[in-house]
Amino acid sequence: MDCRHIQFCDNKSKIDFKQLLELFQIAAFWAQSRKIEDLEVAIANSEPAISVWDGDRMIGFARATSDGVYRATIWDVIIHPDYQGAGLGRKLVETLISHPRLSRVERVYLLTTYQQGFYARIGFEYSNPSTTMVLYNNQPVAEPMAVQVR
């Protein structure tokens, strides 16, 4: 596939949220219940956010959050299935981590369910799996602690 005409854009105002939602529904089992209004908030709080374009068609997307120095996390890496296998996913991740907001960050994290091999080929390493923790914020805590706020 000739991809020389494919454009990568770091201007968040150019993101077409309707196309992004459709892209998630087509190619991301982990993002099936997302809503445009929630995507708008998530992207507004992410820097950078990179969209990938074939003309007027959004075919890829990725975003990151970071403190700009010590830590960053990559989120929502996606390439339309019709364009996978042409090196665009690799270029997307490389574009994201070379962005000035991430380029000097000490550690860049990401979470993936099935694509560990893809990210390892880009240079990501397996970390200690026992260090990953998650708080499901919408679940009740077993026994709330009493806290005094002053």
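Because the structure is predicted, anything quoted here is derived from the model rather than measured.
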Next on the checklist: Contact between Glu47 and His99 at the side-chain level, heavy atoms closer than 4.5 Å - yes or no?
Outcome noted: yes

Checklist entry - Below 4.5 Å, heavy atoms only, C-beta onward: do Leu110 and Val93 meet side chain to side chain? => result no

Next on the checklist: Could you check whether any side-chain heavy atom of Phe61 comes within less than 4.5 Å of a side-chain heavy atom of Gln19, counting everything from C-beta outward?
Outcome noted: no

Item to check | Side-chain donor or acceptor of Lys12 paired with backbone N/O of Ile43 under 3.5 Å | outcome: yes

Checklist entry - What side-chain hydrogen bond (donor to acceptor under 3.5 Å, both in side chains) pairs are there with at least one residue in residues 35-46, not counting sequence neighbours? => result Ser46-Arg63

Item to check | Test side chain to side chain contact (heavy atoms under 4.5 Å, CB included) applied to Gln32 - qualifying residues, sequence neighbours left out | outcome: Gln25

Checklist entry - Would you say Asp16 and Asp56 make side-chain contact, with heavy atoms under 4.5 Å? => result no

Next on the checklist: Applying side chain to side chain donor-acceptor pair (under 3.5 Å) to Trp53 and Ser51, what does each step give before you reach the verdict?
Outcome noted: CA-CA 7 Å; Trp53 298 87; Ser51 51; 2.8 Å; yes

Item to check | Interatomic spacing from CG in Leu21 to CE in Met58 - rounded to 0.5 Å | outcome: 11.0 Å

Checklist entry - Nearest heavy-atom pair of Leu102 and Ala64: which atoms, and what distance? => result CD1-CB, 3.6 Å

Next on the checklist: Using every non-hydrogen atom in the two residues, find where Ala28 and Ile78 come nearest and quote the distance to one decimal.
Outcome noted: CB-CD1, 3.6 Å

Item to check | Pairing residues for Ser103 by the side chain to side chain contact (heavy atoms under 4.5 Å, CB included) criterion, not counting sequence neighbours | outcome: none

Checklist entry - Looking only at heavy atoms, what is the nearest atom pair of Val69 and Asp67, with distance? => result N-OD1, 2.9 Å

Next on the checklist: Can a donor-acceptor pair be found, under 3.5 Å and without considering hydrogens, that links the side chain of Arg101 to the backbone of Ser66?
Outcome noted: yes

Item to check | Smallest separation among heavy atoms of Ile79 and Gln84, with atom names | outcome: O-NE2, 2.8 Å

Checklist entry - Side chains of Tyr83 and Ile6: closer than 4.5 Å at any heavy-atom pair? => result yes

Checklist entry - With hydrophobic residues grouped by side-chain heavy-atom distances under 4.5 Å, do Ile122 and Tyr109 end up in a single group? => result no

